[in-house]
Amino acid sequence: MRRISIIGSGQAGLILAHALIRRDYDVTLYSDKTADEWLHQSRPTGTAYLFDESLQIERDIGIDHWSNTMHKGQGMHVEMPLPDGNLMSLVARTPRPGGAVDQRMKFHRWMNDLEDLGGRIVIEAVDIAAAERIAAQSDLTVLAVGKGELGRVVPRDAARSLYEQPARRLAMGIVTHVTGWESRSGMTGVKYSKLPSGEIFWVPFTHKTAGPSWSFIVEAIPGGPLDRFGNLASGPEVVETLRALVREHAPWDEENVGAMRYVEGDDLGWLVGAFPPTVRAGYGRLPSGALVVPVGDSAITFDPIGGHGGNNASHHARHLADEIIARNIMPFDAAWAADMWERYWESRGRHAYRFNNMFLESDTPGLAALLQAAAGDPRIADGILGGNVMTPRNFFPWIESGEDAQAMIAQVKDQQQSATRGGR
């Protein structure tokens, strides 16, 4: 039985652990928090809205306990003020609903279940010396944490990372008493107001105690009018600051969120911060030369703007589990780690990273053409945008060019018209 050690108890680490324990691997998970500490004494790691394709990964390995009852989202609703004073609006429905479930609740359940299934959990803040000890006892050591000195063991890939500084300053919190946007969009979904100074997102959320609620994410261009959260010290302060920003910069949303309240009984249900989107190498080495392989955010760190961070963590964890199982008794060496990482990068990682980053950039004529077409034609909104947001490779290469995007949109319209005529 091959021994796999996973350092980190977030989404990617726990999905990987459960996928392997069910295939009779000897799995040890190292966490700096107990399950109860995750539930009661931790901040959320983010909003983590998961599309159905990511939720299916949890279903496949028997760890989905929430998707039937969660606060579901049926797609996305984008509104953007135009130079002429009008408001561009588009609604894109996804084929199946997704949702964001409080990860503190999920990690608590998954850690307890892992031990019940025979996995070992060691509560330890792992540093370099501890990682050396762990690697010496393991067939493979997986790094599922991306911060601190341990996070720097896997080197940054400068050619792929693109950003050296944060493109946005972030604020996240959980609120109740949001009425939603069904009257304007006809559905419950992720609401996205794109502003000259950044973005404001409203995400259907299932809180660990409050249940159905909403999570907001403010993506502020550094130094701009939305960048007002850095010195705040409490969730209610963050909410009141957001209330004022909505009134000033997104007044079309005020009727929907004007009565919002910071979630009751959760002093830790908010975050502020900033980080650059980053791609790392396929493996790193400890000072002794021992190999460590990253997974999830330790491999690719996404800005929350495009919603691919949590989804990538799930897909990368499944990919790594499949690769470990397929390796059978062969060594987990550097050549394998590099090849395995390139397979993931080419099949999914690079497309998700590029598509996500396009929402941070101002000069993206292909994306602009798609959004404009989607605002004018629900078939384009649902068929191209909503239908492919979870399979980002389908946007490439045509979305990189305004001309190619227009050609793709025209082709899809022709196909839809042909199908309509054929059905008569």
Side-chain angles (χ1 to χ4, degrees), residues 49-57 67 72-80 82 86-100 180-194 199 201-204 302 305-308 310-312 314-315 347-359 361 364-424:
Y49 183 94
L50 300 182
F51 300 107
D52 184 73
E53 293 87 340
S54 299
L55 295 172
Q56 188 61 46
I57 294 171
S67 69
K72 295 180 175 66
Q74 283 81 38
M76 66 201 77
H77 177 197
V78 182
E79 290 184 314
M80 180 173 68
L82 299 174
N86 290 318
L87 194 67
M88 186 194 85
S89 179
L90 73 88
V91 175
R93 291 171 172 80
T94 51
R96 294 169 298 279
W181 287 263
E182 286 192 39
S183 62
R184 297 213 298 271
S185 66
M187 66 169 190
T188 297
V190 175
K191 175 61 170 61
Y192 170 20
S193 287
K194 184 169 180 57
E199 299 81 20
F201 291 87
W202 304 90
V203 181
F302 290 80
I305 194 167
H308 276 278
N311 289 283
N312 176 74
S314 297
H315 284 266
S347 65
R348 183 180 189 85
R350 72 182 182 96
H351 303 107
Y353 185 70
R354 175 60 184 144
F355 183 69
N356 201 83
N357 288 345
M358 292 181 83
F359 289 89
E361 300 166 7
T364 53
L367 178 60
L370 174 58
L371 295 179
Q372 184 176 4
D377 189 337
R379 298 171 302 172
I380 297 299
D382 296 348
I384 299 184
L385 184 56
N388 292 295
V389 69
M390 198 46 231
T391 50
R393 66 179 177 273
N394 289 349
F395 292 110
F396 294 91
W398 56 267
I399 202 169
E400 297 279 15
S401 158
E403 183 177 338
D404 290 347
Q406 294 285 8
M408 176 61 72
I409 291 164
Q411 182 178 345
V412 170
K413 285 184 174 180
D414 288 345
Q415 289 176 344
Q416 290 174 330
Q417 289 170 356
S418 297
T420 299
R421 288 194 295 269
R424 291 174 182 170

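- Within the 3.5 Å criterion, the main-chain N or O of Trp181 finds a donor-acceptor partner in the side chain of Ser185.
- The two atoms that bring Pro204 and Gly73 nearest to each other are CG-CA, 4.2 Å, heavy atoms only.
- Between Gly383 and Asn388, the closest heavy-atom pair is O-ND2, 3.4 Å.
- Note that the CZ atom of Phe51 and the NE2 atom of His308 stand 5.5 Å from one another [nearest 0.5 Å].
- When all heavy atoms of His351 and Ser347 are compared, the pair lying nearest together is ND1-O, 4.0 Å.
- With rounding to the nearest 0.5 angstrom, the CD1 atom of Ile305 is 5.5 Å from the NZ atom of Lys194.
- Proximity of Glu361 to Leu367: side-chain heavy atoms (C-beta onward) are nowhere separated by under 4.5 Å.
- Counting all heavy atoms, side chain and backbone alike, Gly306 lies closest to Asn356 at CA-OD1, 2.9 Å.
- Side-chain atoms of Asn394 and Phe355, non-hydrogen and from C-beta on, never get closer than 4.5 Å to each other.
- Put simply, the side chain of Val78 does not reach to within 4.5 Å of the side chain of Ser89, judged on heavy atoms.
- The backbone N or O of Tyr49 sits less than 3.5 Å from a side-chain atom of Asn311, completing a donor-acceptor pair.
- A distance of 8.5 Å separates CD of Gln56 from OG of Ser67, quoted to the nearest 0.5 Å.
- With rounding to the nearest 0.5 angstrom, the CD1 atom of Ile384 is 11.0 Å from the CG atom of Leu371.
- Nearest heavy atoms, Met187 versus His77: CE-N, 4.3 Å.
- Contact check for Tyr192 versus Glu199: side-chain heavy atoms found under the 4.5 Å cut-off.
- The distance from the CG atom of Leu55 to the NZ atom of Lys72 is 9.5 Å, given to the nearest 0.5 Å.
- Using a 4.5 Å cut-off on side-chain heavy atoms (C-beta onward), Arg96 and Met390 make no contact.
- Smallest separation of non-hydrogen atoms from Gly386 and Pro95: O-CD, 3.6 Å.
- Side-chain atoms of Thr188 and Glu182 include a donor-acceptor pair closer than 3.5 Å.
- By the 4.5 Å heavy-atom criterion applied to side chains, Met358 and Ile399 are counted as neighbours.
- Separating the CG atom in Asp377 from the CG atom in Leu90 is a distance of 11.5 Å, to the nearest 0.5 Å.
- For the pair Leu385 and Ile380, the minimum side-chain heavy-atom distance is 4.5 Å or more.
- Contact of the Arg348 side chain with the Pro392 side chain is registered, since non-hydrogen atoms from C-beta on lie closer than 4.5 Å.
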